[in-house]
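Structure first, commentary second.
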Amino acid sequence: MGQHSAETASSSSSLMTDFLRQAGGAAVIDGGLATELESHGADLNDPLWSAKCLLSSPHLIHRVHLDYLEAGADIIITASYQATIQGFVAKGFSKEEGDGKILKHRPILVAASVGSYGAYLADGSEYSGNYGDAITLETLKDFHRRRVQVLVESGPDLIAFETVPNKLEAQAYAELLEEEDIRIPAWFSFNSKDGNNVVSGDSLVECASIAESCKKVVAVGINCTPPRFIHGLILAIKKVTTKPILIYPNSGEFYDATIKEWVQNTGVSDEDFVSYVNNWRKAGASLVGGCCRTTPNTIRAIYRTMSNRSPV
Ligand SMILES: C[S+](C)CC[C@H](N)C(=O)O
Ligand SMILES: N[C@@H](CCS)C(=O)O
Ligand SMILES: [Zn+2]
């Protein structure tokens, strides 16, 4: 490893720990972006899902990011989850456009979202992680390569590889970060539907170990997963990582991909969601927020609960 890349690796690895130290030992991540876009009237029944608003209503995205910052989020995640080169080309675009960067009034990190190949399929495959034998490590690296480069060129503080459903995609991201010599640190966030493995059935511990061994990864954790599973998942991740642990669960509701709606009205209320937060912190999570079906109210409540932060 040359001197330059050694320096990069060390500045990458300190970004999150420095940020957490400054924030008092823990930080708040924002909540569901798509959920809020919908509640402001956006129709996300589209192959691009929330990324459709980058084209049709960027003012709404701006508004939702500000709402989350006002609610207390220290880290906001961009609308690029389902923004893929292939998805925009299918809409008749060739090559253009990037994300704007929000003005910082206090230390804030902007995390560029990268949703999985399954998210691009727009059929809920990010909750199965079953891509079939035709999809190989190389396919996945090639699928993500250019979009990751485009996101990096837009200057985010972090790349958020989120809702990662299987081990193959985690491996693809880790190799891509190295091959493309990406200088922006990343987090890996997996999802689970059994509180034990990631959604494909691959071992969470093995997935988290891939994140652990990648120098460019500065935090590892779980998102878009029911709150009731989170405590056990944190304990599992803790066995294999020294990196900060992040969690941003969904409300606990179920996504029906055929009708593209959240169908069970049995989600966890904001109060209940927040009642978990101290336990998650004690279990070892230092970054806490919300994913689908959580709102600025959820984040405000998390922020209040975490206001007496102490180093972990
Ligand atoms: C995290 S899920 C709710 C995202 C949407 C899905 N990829 C779809 O397009 O239906
Ligand atoms: N960042 C995305 C996550 C989807 S699982 C969103 O909040 O809409
Ligand atoms: Zn989600």
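Numbers here simply count residues along the sequence, with the first being 1. Just so you know, ligand 1 is whichever comes first in the structure, and atom 1 is the first atom listed for that ligand.
The shortest non-hydrogen separation linking Ser80 to Arg147 is O-NH2, 3.2 Å.
Listed by first and then second residue, the ring-ring contact (aromatic ring centres under 6.0 Å, His included) pairs involving residues 29-50 are Trp49-Tyr81 (not counting sequence neighbours).
With a cut-off of 2.8 Å, the protein N/O/S atoms near the Zn ion (ligand 3) add up to 3.
Hydrophobic side-chain contacts under 4.5 Å tie Ile135 into a cluster, directly or through other members, with Tyr117, Tyr120, Leu121, Tyr131, Leu137, Leu140, Phe143, Leu168.
Look at Tyr120 and you'll find every heavy atom at least 4.0 Å from all atoms of ligand 1. For Ala119, the closest heavy-atom approach to ligand 1 falls below 4.0 Å.
An N or O contact shorter than 3.5 Å links Lys260 to ligand 1 by distance. For Gln82, a nitrogen or oxygen atom sits less than 3.5 Å from a nitrogen or oxygen atom of ligand 1, counting backbone and side chain alike.
Classified by interplanar angle (parallel below 30°, tilted 30° to 60°, perpendicular above 60°), the ring pair Phe88/Phe93 is perpendicular.
For the side-chain contact (heavy atoms from CB on, under 4.5 Å) with Leu204, the qualifying choice from Asn191, Asn197, Ile237 is Ile237, the only one to do so.
Ring centers of Phe273 and Trp280: under 6.0 Å apart, within the cut-off. Aromatic ring centroids of His144 and Tyr173 lie under 6.0 Å apart.
For ligand 2, residues of the protein lying within 4.0 angstrom by heavy-atom distance are Gly32, Leu33, Ala34, Trp49, Tyr81, Glu162, Thr163, Cys224, Cys291, Cys292.
For ligand 1, the atoms sitting less than 4.0 Å from at least one non-hydrogen atom of Ala122 are 8 (C), 9 (O), 10 (O), numbered in the order shown with element in parentheses. Within the listing of ligand 1, atoms 3 (C), 5 (C), 8 (C), 10 (O) sit less than 4.0 angstrom from a heavy atom of Tyr255.
Counting heavy atoms under 4.0 Å from ligand 1, residue Trp262 touches it through the side chain alone.
Nearest protein neighbour of atom 4 (C) of ligand 1, counting heavy atoms only, is Glu126 OE2, 3.2 Å.
Between the side chains of Asn166 and Ser200, no donor N or O sits under 3.5 Å from an acceptor N or O.
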